[in-house]
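Note on naming: letters A, B, ... go to the chains in the order of the sequence lines (proteins, then strands), and numbering restarts at 1 for each one. Because the structure is predicted, anything quoted here is derived from the model rather than measured.
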Amino acid sequence: MLVSWWSFETLLPALLDIVAIGFILAIMMRIAVSRPGLAVMVFLVFFSFVWRLISVFYIDAFGPVFSEELERYVGPGLAVLPLAASQGLFIAALLVSFRPQRLQALATGSRGWLAGVLPPGRFDLSNVAFWVVLVYVLALWIELRLSGPIPLLAGIERFDYTRQYGGPLHQRLVEWGPMLAFQLGLFMTLPVLRGGRFDLRFAALFGALLIYLFVVGHRFSSFYSYSSFFIIPVGAMLLRPQKGVEQRNPVRILCYFGLPAAGLVVLIAAALIHSYTVVRGSEIDLVRFKLTQRILVQQGEMWWASYERVFINGDWNGALAMFKLFVDPFNPATNSTMQFLMGQALPLDRAHALLTQGQTYTGGWPEVLFEIAGPVGGFFLVAASAILFSEFMFLLTRCIIEERYATCFFLTPILYAVAICVVSGMVNSFVQLTFMVKLALAVLVYVMEDRWRASRVASTANPTDAAVVFERAPQHE
Amino acid sequence: MNDTSASISSVDYVGGMLGYLGQSVRARLRLIVLGTLIAMLVVFVVDRTRPAVYSAEATMQLGRVDGADVMPMQSTVLHMNSAPFRRRVAEAIGSAGGGDKAEERLFDNFTVRPQTSDLASLTVNGPSEQRTTEALQAILRTLNADQEKLRLPVLEELNTQMALIDANVASLMKVRETLASMDAVAPSSSTDPASLALRRVWLLDLVSRNEDRLAVATSERRALATRIGPSKTYPATLGDDVTIRQVSPRPFRYAAFAGAIALLALLLYAMMSKPRRARMR
């Protein structure tokens with residue numbers, strides 16, 4: 001009997017996938033329209049979610065499709081369903097953490113508090129930050145000019161340039177770039193929190209960094225991550241409940257970013273065209289195949305491989321996963337999640353050969369959580385990671401709105417680790433000694449700034465009494 | 001009210017916070033210093049009582065037979081990480097060291113990491129430098145004993161070929177001697193110059209063909225000897241550079257960690273407890 005394409009057996013899975021993907025996309029759209037600040041803050045994650053969802057849907061609906069990286073066919077199936085459920089849990093945690101009552105509580109007495117208690121004086125914080133970063137960016141360009149060929153003109157891949165020619169400043173940018181972008185976004189936004197205008201000096205510095213990345217051969221992923229971190233403080237500012245007559249229209253503020261965003265899109269398009277036509281000129285005949293792989297297959301293939309192992313075959317080993325993630329990864333200095341997933345999805349010698357070359361695939365979250373805890377327990381880990389991320393983002397929002405600069409500075413590496421965990425599934429960064437030190441410093445600075453502010457509030461309310469308290473405190477031990 | 005968009009002095013901002021920290025520390029200085037020192041001292045003393053553990057790290061070259069790996073690197077690593085292999089290693093080390101279960105558990109936690117296609121790094125812990133080195137040797141012996149099953153059939157085949165070639169060479173040598181002796185006795189057995197000349201030509205042809213065959217056989221033997229020689233056939237071996245370091249006890253290191261954690265906790269306590277008393281007043 002001939003089975004037509006619209007038969008019940010083929011239509012039902014497609015309908016289920018469409019309903020799941022439609023539900024998640026509708027919620028994201030709703031958030032983007034009703035709470036644009038939240039969408040801007042988590043743009044890094046939402047963009048990745050949408051792309052992966054579409055890619056997995058493509059594999060599910062149009063499979064079997066050939067995966068160049070896995071060297072096998074993937075799909076069809078219902079892989080979208082658990083992925084959409086995981087993303088739904090994540091969005092739910094986000095909405096609970098950023099519920100209106102909590103945000104409303106942030107509005108009380110936060111606006112301009114610091115400027116109110118600290119008199120203007122020497123070394124304005126924004127100026128110090130601006131000059132420090134300006135010197136760094138200028139030194140970066142000088143280093144590029146002195147260190148050898150310019151990748152854009154010489155057609156060198158960014159990895160090759162970093163390995164062969166990258167100077168110490170370039171290496172630092174590769175390691176800390178997204179975090180620097182977050183700080184630039186923070187200093188650009190801070191005057192708005194005090195009722196002023198955006199400090200466009202920092203936007204100009206960010207632009208200079210993006211052009212530098214373009215010149216040294218970076219393509220889409222770097223622009224995406226740098227820009228996503230840069231706009232996090234803008235999102236926090238938009239989330240801030242407004243009081244009084246100075247209501248800021250979020251749409252107007254987003255339009256304000258329209259022109260730079262268009263410029264960024266043009267830059268990314270130019271970088272991609274240059275990469276495929278000049279740097280990888282030999283692959284020009286395969287452009288269509290390569291783009292299909294890059295856009296529609298590579299984002300979802302690792303999730304499909306995990307879905308097949310864990311949900312279809314029931315083949316998962318939590319103890320092995322934990323051992324390979326935390327105890328004995330192939331290379332402990334980088335993301336062990338993708339190393340483990342590649343080891344599971346590919347022949348081991350091929351996976352190790354690729355990892356030795358420094359090549360990794362896309363994905364990691366929530367694959368790794370299901371590899372650790374299985375098809376049911378994985379959802380609990382997804383919920384835990386979603387709560388961790390959303391609560392951390394709320395803490396960061398609070399620190400930005402309350403102008404806790406020092407805390408924001410020390411929370412930045414934690415933000416990077418938490419964001420990378422949700423986007424790439426990296427979990428071994430949390431057990432590194434350096435992360436522990438960063439976490440300890442962040443906690444220390446948070447408490448110090450919090451208590452210092454409390455003492456300033458106390459001394460502002462009753463200066464004489466507070467001074468007496470501080471002098472006599474040791475006698476009451 | 002101040003202008004909300006006014007600049008903020010970084011000196012006042014950072015100085016204010018550090019001043020507050022200094023004030024909090026001064027208020028609890030004795031507790032912070034004593035608490036940190038006590039934590040360091042306790043960890044130092046406790047860690048010193050732990051038994052010594054040494055870690056030896058060496059590079060292992062995989063065994064080869066006839067120029068090919070006895071077992072590919074990934075298979076070797078999987079094999080060495082398997083539970084039965086670890087059990088055999090623990091038994092081999094345990095029987096040499098008197099069957100101490102604690103020692104066996106210590107040795108059981110060795111790790112193998114592939115470095116290149118034929119080199120792997122091998123790390124093992126042990127209670128003394130000598131025992132750790134012995135453990136490395138025991139792991140290697142166990143691996144070679146396991147791989148012997150794979151090496152033996154190939155070696156036997158090569159040895160059989162070698163024996164056949166040796167027999168062939170011996171036979172050709174014997175023919176050469178016979179031909180030489182026939183050449184020597186030939187003049188006395190015939191007086192006809194024509195038949196003598198023909199006989200000599202025939203003998204020379206036989207000698208020449210025999211020499212060719214002998215040369216081929218000798219060459220084959222040499223090639224086979226190279227294939228089973230030490231450059232192409234060898235068991236897994238350890239590199240000369242074995243690094244041994246003490247990993248436990250390390251009282252100074254752990255005392256420093258404990259001191260840092262205690263210091264952080266006490267600083268947090270000092271800062272968080274102070275305003276509470278201020279509110280109580």
Notebook entry, point to check: What's the verdict on side chain to side chain contact (heavy atoms under 4.5 Å, CB included) for Phe257(B) and Leu433(A), showing C-alpha distance, side-chain angles and the deciding distance?
Noted result: CA-CA 11 Å; Phe257(B) 279 130; Leu433(A) 180 64; 3.8 Å; yes
Checklist line | Reported CE-to-CD1 distance for the pair Met436(A) and Ile261(B), which is rounded to 0.5 angstrom | finding: 9.5 Å
Next item on the list: Answer yes or no: are there more than 12 heavy-atom neighbours, outside Arg72(A) itself, under 6.0 Å from its atom CZ?
Entry: yes
Next item on the list: Evaluate whether atom CZ of Arg163(A) has more than 12 neighbouring non-hydrogen atoms of other residues, nucleotides or ligands under 6.0 angstrom away.
Entry: yes
Next item on the list: Could you check Leu267(B), Leu268(B), Leu264(B) and say which one makes a side-chain contact (heavy atoms from CB on, under 4.5 Å) with Val443(A)?
Entry: Leu268(B)
Next item on the list: For Arg113(B) and Pro329(A), indicate whether the former's side chain and the latter's backbone hold a donor-acceptor pair under 3.5 Å.
Entry: yes
Note to self: Is it the case that atom CZ in Phe430(A) sees more than 12 heavy atoms from other parts of the structure closer than 6.0 Å?
What the structure shows: yes
Notebook entry, point to check: Tell me, do Asp450(A) and Met272(B) make a side-chain contact under 4.5 Å, heavy atoms counted?
Noted result: no
Margin query: Quick check for you: among Ser126(A), Ala353(A), Ala406(A), which has the greatest number of heavy-atom pairs under 4.5 Å with chain B?
Written below: Ala406(A)
Next item on the list: Answer yes or no: are there more than 12 heavy-atom neighbours, outside Phe323(A) itself, under 6.0 Å from its atom CZ?
Entry: yes
Checklist line | Point-to-point distance, once rounded to the nearest 0.5 Å, from OH of Tyr20(B) to CZ of Arg451(A) | finding: 6.0 Å
Notebook entry, point to check: When rounded to the nearest 0.5 angstrom, what distance separates CE in Met17(B) from OH in Tyr405(A)?
Noted result: 11.0 Å
Item checked: Spatial distance of atom CG (Asp124(A)) from atom CG (Asp12(B)) [nearest 0.5 Å] -> 11.0 Å
Next item on the list: Examine the side chains of Glu403(A) and Tyr13(B) and answer whether a donor and an acceptor come within less than 3.5 Å of each other.
Entry: no
